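Notes to accompany the following structure.
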2 protein chains.
Amino acid sequence: MVKKARHTHRREESLSRDRIIEASIELLDRSGEGGLTFRALSDRLATGPGAIYWHVSGKSELLTAACDAIVARAMNAPLVRATPEATIRALALGLFDEIDAHPWVGSALTLAAGELPMVRILERLGQQIRALGVPDDTHWAAVSALLSYVLGVSGLNAANAQVARTRGMDRSKFLAAVSTAWSGLDAEEYPFTRSVAGPFRAHNDRTDFLAGIDLILKGIDALRRA
Amino acid sequence: MVKKARHTHRREESLSRDRIIEASIELLDRSGEGGLTFRALSDRLATGPGAIYWHVSGKSELLTAACDAIVARAMNAPLVRATPEATIRALALGLFDEIDAHPWVGSALTLAAGELPMVRILERLGQQIRALGVPDDTHWAAVSALLSYVLGVSGLNAANAQVARTRGMDRSKFLAAVSTAWSGLDAEEYPFTRSVAGPFRAHNDRTDFLAGIDLILKGIDALRRA
DNA sequence: ACCTGAACACCGTTCAAGT
DNA sequence: ACCTGAACACCGTTCAAGT
């Protein structure tokens, strides 16, 4: 019963990079990372695959551009005046929420290392690190730790969403399955993992994410006093 | 001039899961993540693609098993008696070095979220967190922060290696290219990124990685005093 | 300048048929 | 029980040909 979503409508506007990226995001949101193909995309845009190549260099540019649209939204959100620490938390949470809503962004971000979406995050976090007043020569260490952590959580979220999707589970079913697997590990070899199997089942990704940010902020704070 | 590496030798041993994984690792090391295909693999093992499916359920199991072989090596390395902090640093560095030598492990690790390779890391780090004497209800927050950070750095390493490979650059050329791109960003919008473009060019991944671990350890230390 | 769509060179996976 | 290899249903990308 695979029914191809036929597009009955004729194309009204002409093709453009923006329309292509918009359609890419819709495909990625609906069907995950595997959902973005040139065939599905050209079908949706009522054109041929070759037409897309006129506006975009290839798939990786497409994915990065889609990712950037989401990241930009989170990084350009207006910020209330607050301490640098509070601003970092707010920025990180805003990004977390976007990635939670669009899990494919998590892996796209890492894939586009050094490119615009990552730079947006680097910049916003970095400005706050600067405002924190830590020594100049620790700026890079501080941001890169924050950035790596954020990318780690993002990638994990993307992977979890991906696995849950392919196995047709929702999030709580997936957590329960992992938790059960961990509980069944050898007691001699994996005592710690067994001990966190319970907490893991009930854990809240968002809270844990913030706790990790706070841990790193605490560490950065120590840099200032050193 | 694409010369297919012909295998002139007949197969001596019979096929086995271990031989398949060993060959997978060789392919991944030589040609990166894209190098692992059932065709390349069956060519190398002097068999057909179908034969591999007799021993292994599919590509993702193959990748996870290959990843696990490398991770196990790092996590089972004998440890000298030391403080929990020093042990965590040693474990993390050992893992970093393996991933540096086998960058594909970085993305495979994230892809196999919740599975054995990740659990090995979770367990070893967790045992040391426990030894640190922080409150029981902070164990999960502490390990998951460390783990996410390690996965973030790993993924980034994998992505960098991948980009450098496709562009045919070595690491220093790649760093220089990113650094130059950052220096060319708009001065109003990206002051911080521009300011770290210089340090970035000369930075040492291994040192930065360890600095991040230390930052998180400092934060965990604060948990004990709280 | 922009679009079409067939064709190319790949993929992972399945499966009837062999030993 | 284990292996073979053709076949299936996909991919991303290219390109001669159209408008």
Side-chain angles (χ1 to χ4, degrees), chain A residues 1-7 9-21 23-24 27-28 31-66 104 107-108 111-112 162-163 165-167, chain B residues 1-7 9-21 23-24 27-28 31-66 104 107-108 111-112 162-163 165-167:
Chain A
M1 274 279 261
V2 184
K3 53 175 98 165
K4 274 200 176 173
R6 288 241 164 276
H7 56 272
H9 64 288
R10 203 78 67 77
R11 193 168 75 226
E12 290 115 30
E13 309 165 66
S14 70
L15 221 50
S16 72
R17 205 186 126 91
D18 280 353
R19 273 177 47 74
I20 292 171
I21 291 163
S24 299
L27 282 174
L28 287 161
S31 324
E33 311 186 29
L36 181 61
T37 70
F38 280 81
R39 280 166 184 82
L41 197 53
S42 53
D43 196 45
R44 205 170 200 313
L45 292 167
T47 182
I52 296 167
Y53 279 88
W54 182 261
H55 299 275
V56 143
S57 73
K59 187 167 182 177
S60 86
E61 186 189 329
L62 209 51
L63 191 59
T64 301
W104 52 269
S107 49
L111 259 102
Q162 176 79 332
V163 174
R165 179 191 294 274
T166 33
R167 294 216 254 263
Chain B
M1 274 280 260
V2 184
K3 52 175 99 167
K4 274 200 177 173
R6 290 241 163 277
H7 54 274
H9 64 289
R10 205 76 68 79
R11 193 167 75 226
E12 290 114 29
E13 309 164 67
S14 70
L15 221 48
S16 72
R17 206 185 125 89
D18 280 351
R19 273 177 47 75
I20 292 171
I21 291 164
S24 299
L27 282 174
L28 288 161
S31 324
E33 312 185 28
L36 181 62
T37 70
F38 279 82
R39 281 167 183 82
L41 197 54
S42 53
D43 196 46
R44 206 172 200 315
L45 292 167
T47 182
I52 296 167
Y53 279 87
W54 181 261
H55 299 274
V56 143
S57 74
K59 187 167 180 175
S60 87
E61 187 190 327
L62 209 51
L63 191 59
T64 301
W104 52 270
S107 49
L111 255 82
Q162 176 79 332
V163 174
R165 179 190 293 276
T166 33
R167 293 216 252 263

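Chain identifiers are assigned alphabetically (A, B, ...) following the order of the sequence lines, protein sequences preceding nucleic acid strands; residue numbering begins at 1 within each chain. Source: prediction; values computed, not measured. These values consider heavy atoms only, across backbone and side chains, with no hydrogens, waters or symmetry-generated copies.
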So, Ser42(B) side chain and Arg39(B) main chain: donor-acceptor pair closer than 3.5 Å or not? yes

Strictly distance-based, threshold 3.5 Å: is any side-chain N or O of Thr166(A) a donor or acceptor partner for the main-chain N or O of Val163(A)? yes

Looking at His55(B), does any N or O in its side chain come under 4.0 Å of the phosphate oxygens OP1/OP2 on dC3(D)? yes

Trp54(A) side chain N/O closer than 4.0 Å to the phosphate oxygens (OP1, OP2) of dC3(C)? no

Charged N to carboxylate O below 4.0 Å: is that the case for Glu61(B) and Arg17(B)? yes

Thr64(B) side chain near Leu111(B) side chain, heavy-atom distance below 4.5 Å: no

With respect to the side chain of [X], which nucleotide from [options] is positioned closest?
{"X": "Tyr53(B)", "options": "dT13(D), dT13(C), dC3(D)", "result": "dT13(C)"}
{"X": "Leu15(B)", "options": "dC3(C), dC3(D), dG12(C)", "result": "dC3(D)"}
{"X": "Arg39(B)", "options": "dT13(C), dC3(C), dC3(D)", "result": "dT13(C)"}

Classify the nucleic acid contact of Leu62(B) as base, sugar-phosphate or nothing, counting any heavy atom under 4.0 Å across all strands shown. nothing

First encountered from the 5' end of DNA chain D, between Ala51(A) and Phe38(A): Phe38(A)

Whole Å only: how far is the [atom1] atom of [X] from the [atom2] atom of [N]?
{"X": "Lys59(B)", "N": "dC11(C)", "atom1": "NZ", "atom2": "C1'", "result": "8 Å"}
{"X": "Leu41(B)", "N": "dG12(C)", "atom1": "CG", "atom2": "P", "result": "10 Å"}
{"X": "Ile20(A)", "N": "dC2(C)", "atom1": "CD1", "atom2": "P", "result": "12 Å"}
{"X": "Leu63(A)", "N": "dC11(D)", "atom1": "CG", "atom2": "P", "result": "16 Å"}
{"X": "Arg19(A)", "N": "dC3(C)", "atom1": "CZ", "atom2": "P", "result": "10 Å"}
{"X": "Leu45(A)", "N": "dC2(C)", "atom1": "CG", "atom2": "P", "result": "16 Å"}
{"X": "Glu33(B)", "N": "dC10(C)", "atom1": "CD", "atom2": "C1'", "result": "18 Å"}
{"X": "Ile52(A)", "N": "dC3(C)", "atom1": "CD1", "atom2": "P", "result": "11 Å"}

For Tyr53(B) versus Gly58(B), what's the shortest heavy-atom pair and its separation? CE2-CA, 4.0 Å

Watson-Crick or G-U wobble partner of dG5(C), both distances under 3.5 Å: dC15(D)

In Watson-Crick or G-U wobble terms, both distances under 3.5 Å, what is the partner of dC10(D)? none

